[in-house]
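Following: one structure in structure tokens, then a few remarks.
Counting starts at 1 for both ligands and their atoms, in listed order.
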Amino acid sequence: MDNCIFCKIIRKEIPCNKIYEDTDIIIFNDINPAAPVHFLMIPKQHIDSLYDTQDDQQSLLGKMLLLAPKLAKEQGCEDGFRVVINTGRVGGQEVFHLHIHVIGGRERLAPMIHSN
Ligand code: 5GP
Ligand code: ZN
């Protein structure tokens with residue numbers, strides 16, 4: 001995807017603060033962190049959102065979820081963390097390349113849902 005910011009990061013056209021990479025996945029720190037630890041887990045294959053995932057991506061999605069606690073611990077989340085996948089307009093998704101936010105730090109995170 002030519003104009004996708006995360007595809008540009010995957011192609012190394014835009015720099016990132018990378019913490020993990022393999023053939024399927026790249027993981028780097030969020031440019032605008034919401035907490036002391038805030039990284040993004042991204043499949044190298046361009047998938048617009050969680051709505052667009054397919055049955056044959058089960059192992060890719062599982063692999064990412066299994067990596068989350070390992071990397072969270074490595075990054076300093078010893079006592080919990082939060083995983084978020086913003087999806088679509090209502091979910092507040094801003095970058096339409098599927099990504100998993102992993103957010104944590106030493107203090108308890110703020111409540112997640114602010115209803116109006
Ligand atoms: P979304 O709202 O789509 O779930 O979150 C997109 C996230 O991507 C935001 O937290 C934003 O700070 C992050 N982001 C957007 N552009 C860049 C970038 O160029 N580099 C990095 N590292 N993060 C980005
Ligand atoms: Zn993309």
Ring centroids only, cut at 6.0 angstrom: are H97 and H99 within range, meaning strictly under it? no
What atom name does the N, O or S atom of H97 nearest to the Zn ion (ligand 2) carry? ND1
F6 vs F28, ring-ring contact (aromatic ring centres under 6.0 Å, His included): CA-CA, chis, key distance, verdict: CA-CA 10 Å; F6 288 170; F28 51 83; 5.7 Å; yes
Could you list which atoms of ligand 1 come closer than 4.0 Å to a heavy atom of G92? 2 (O)
Judged by heavy atoms only, the candidate from V95, I9, N29 nearest atom 15 (C) of ligand 1 is V95
Sub-4.0 Å atoms of ligand 1 with respect to non-hydrogen atoms of H99: 1 (P), 3 (O), 4 (O), 5 (O), 6 (C)
Please compare I31, I103, L40 and report which has the shortest non-hydrogen distance to atom 21 (C) of ligand 1. I31
Going by the 4.0 angstrom heavy-atom rule, the piece of F6 near ligand 1 is side chain
Numbering as shown, the atoms of ligand 1 that approach N32 to under 4.0 Å (heavy-atom distance): 12 (O)
For atom 4 (O) of ligand 1, tell me which residue out of H38, K8, K18, H101 has the closest non-hydrogen atom. H101
Gap separating the CD1 atom of I100 from the CG atom of L61, nearest 0.5 angstrom: 7.0 Å
Answer with yes or no whether N17 contacts ligand 1, where contact means a heavy atom under 4.0 Å from a ligand atom. no
I want to check something: taking the side chain as every heavy atom from C-beta on, are V37 and I103 in contact at a cut-off of under 4.5 Å? no
Is the count of non-hydrogen atoms from other residues, nucleotides or ligands lying under 6.0 Å from E13 atom CD greater than 12? yes
Y20, OH: over 12 other non-hydrogen atoms inside 6.0 angstrom: yes
Any heavy atom of F96 closer to ligand 1 than 4.0 angstrom? no
Determine, using heavy atoms of C16 and all atoms of ligand 1, whether some pair is separated by less than 4.0 Å. no
Looking only at non-hydrogen atoms, which of V84, I5, D30 approaches atom 11 (C) of ligand 1 most closely? D30
Side-chain heavy-atom pair D52, L98 within 4.5 angstrom cut-off: no
Heavy-atom contacts with F28 under 4.0 Å: which atoms of ligand 1 show up? List them by number with element. 21 (C), 22 (N)
